[in-house]
Amino acid sequence: MKARCPECDGEIEVYDDVINGEIVTCPECGMDFEVVIEEKGEIKLVPAEVEGEDWGE
Amino acid sequence: MSSHAHSLNDSSDEEYAVKLLENMLKMYSPSGQEAELASYLKGELVSLGFKEVSVDSVGNVFGEAGRGRPHILFIGHIDTVSPFLPVKKSEGRLYGRGAVDAKSPMAAMIVAASRWIKSHDHGTVRVCCLVDEEGGGKGIKNLIESSPEADYAIFGEPSGLRNVTVGYRGHIGVKLSVETEPVHISVGRKEFNAVELAIDLWEKIREKLSETKRSEKGEFHKVTSSIAGIEGGDGGNVTPRKCDLYVDIRVPPEVRCEDLTETLKRIVSKFNEENAKASASMNVRFKVNPVLISKSSPVVRALTRSILKTLGGPVKFIKKLGTGDMNLLVSSLGIPAATYGPGDPKLSHTLNEYVEVEDYLNSIRVYHNAIFELCSMYRKG
């Protein structure tokens, strides 16, 4: 299914079997969003800070 | 430490999983000395019921669980840095060299794959216990040369329980050699001193490389460079005739390794034009491309979904400043991959290496559920 980017209105592909907490990235503006599935099954995209850095192993 | 038959399921194999890791930690296995541990793991894989258990020409150990497609590689390494650290259990932690990097991810992948042996679903997990990751990478290079049949790969390295590692910077190792005419040290002039000239050359390189920095996006997206070694002079009464500088450069995905080495060549040429008495040369010792995996790629999604279903969120995506075996596999064979494993990466290579036993056991569940996720994705195409 498709969703609209809350930031730039770009089109974001969301898998049909998506689960709460999965992360999608807008291909146009590059922002990350957490998928929140609401009670009626509607999908909401919430901006998420999901990237971090670490040293090498 | 004899092998014995194990009937594995979620409730009965935790004791075995802890014992397996403890035994692995007790077997000190710095790069080049993995044979004892390799032999032990081969025995364990046979005992657990893995098929096609084998050891290749460099000492990597392999075993397969399940049948049919997709083919999933679970890749870990069995060597560590030195020195040996005493193995102990205390307050829910297991201490020892490799507890984080990377015997706990390796052991967890073995146990998770063993749970797949009796699965009725299609899918083959090939556990790859590699040597020499902390050395020159003999293990991963040999695996790549064998062109393994694989649809997906998961690397077992410490990321933290709810984190997936999606990026490693590239790596260039360069040896810079500067030679000049030696004179009495009391002359005090730089053009007759290869060490001082080499430092000059290094400063020019560092200044140029700093222009490629993209600080607004974090350290991962910068080019960084360090002197990893220096040889020159004997501390006596004559200026150093020759100096070798070993330079370590880390490369973000936005920059091509080839472009950087061309830039270095130009700096060395200019240096030679400006220093009539000296001669500088450059040798690229190795070059590894960076890797950055999309969050929507199948292996990252499978691990994310597995973490969410097994432990709950939120999940974070880690970009490592260093370079890993994943760089080589992805750039050579293009196999979709991501890296995951228990343990705090900041404890890697320290004298205080430990893993929380609960995290280790939970990571087994994450790896195991990731197999289901990958198989399900493969079936859906």
Side-chain angles (χ1 to χ4, degrees), chain A, chain B residues 77 80-81 100-102 105 133-134 155-160 162-169 171 217-221 250 294-296 300-301 304-309 311-326 339 341 343-349 373 376-377 380:
Chain A
M1 73 188 103
K2 309 280 186 197
R4 286 281 162 201
C5 173
E7 194 65 25
C8 74
D9 207 36
E11 197 172 82
I12 302 177
E13 176 77 38
V14 180
Y15 287 94
D16 291 340
D17 62 350
V18 73
I19 60 173
N20 252 322
E22 273 199 73
I23 301 298
V24 293
T25 306
C26 174
E28 301 201 14
C29 68
M31 277 208 40
D32 292 320
F33 299 94
E34 182 181 336
V35 173
V36 177
I37 303 173
E38 298 187 309
E39 272 184 28
K40 290 177 184 170
E42 284 175 6
I43 285 181
K44 196 173 152 191
L45 301 182
V46 180
E49 287 289 326
V50 293
E51 290 191 358
E53 290 185 348
D54 217 323
W55 300 350
E57 301 98 25
Chain B
H77 64 94
T80 65
V81 295
V100 170
D101 187 7
E133 193 269 351
E134 305 288 2
F155 281 81
E157 292 276 11
S159 59
R162 286 182 172 80
N163 301 332
V164 180
T165 301
V166 294
Y168 288 94
R169 289 195 295 178
H171 191 191
K217 290 169 79 180
E219 290 294 311
F220 179 81
H221 295 278
R250 300 299 167 135
S294 157
K295 295 183 195 81
S296 60
V300 177
R301 268 197 85 215
T304 304
R305 290 167 65 88
S306 177
I307 293 167
L308 289 169
K309 288 179 180 179
L311 308 166
V315 176
K316 272 205 145 187
F317 302 93
I318 304 298
K319 296 185 281 193
K320 298 243 183 173
L321 303 184
T323 307
D325 277 353
M326 188 165 86
T339 296
D344 177 355
K346 287 198 169 55
L347 296 174
S348 299
H349 300 197
E373 294 291 337
S376 164
M377 281 179 199
K380 287 176 190 167

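Chain letters run A, B, ... following the sequence lines, proteins first, then strands; residues in each count from 1.
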Checklist outcome for this item: Looking only at B:Arg250, B:Lys295, B:His349, most heavy-atom pairs under 4.5 Å shared with chain A are made by B:Lys295

Checklist entry - Which region of A:Asn20, side chain (C-beta onward) or backbone (N, CA, C, O), has a non-hydrogen atom less than 4.5 Å from a non-hydrogen atom of chain B, or is it both or neither? => result backbone

Checklist entry - Measuring heavy-atom distances to chain B, does A:Glu49 have an atom under 4.5 Å in its side chain, in its backbone, in both, or in neither? => result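 It is the backbone, since no side chain atom gets that close.
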
Compare every heavy atom of [Y] with every heavy atom of [X], then report the nearest pair and how far apart it is.
{"X": "B:Arg305", "Y": "A:Val18", "answer": "NH1-CA, 3.9 Å"}
{"X": "B:Tyr168", "Y": "B:Gly324", "answer": "CD2-N, 3.6 Å"}
{"X": "A:Gly21", "Y": "B:Leu308", "answer": "C-CD1, 3.5 Å"}

Checklist entry - With no hydrogens and no angle check, is any side-chain donor or acceptor of B:Arg301 less than 3.5 Å from a backbone partner on B:Glu373? => result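 No.
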
Checklist entry - Just by distance, do the side chain of B:Arg169 and the backbone of B:Leu321 share a donor-acceptor pair under 3.5 Å? => result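 Looks like yes, one N/O pair under 3.5 Å.
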
Item to check | Heavy-atom contact with chain A under 4.5 Å, split by part of B:Pro314 | outcome: neither

Checklist entry - Is chain A contacted by the side chain of B:Ile318, its backbone, both, or neither, given a heavy-atom distance below 4.5 Å? => result both

Item to check | Winner by heavy-atom pair count (cut-off under 4.5 Å) against chain B, out of A:Asp17, A:Ile23, A:Asp32 | outcome: A:Asp17

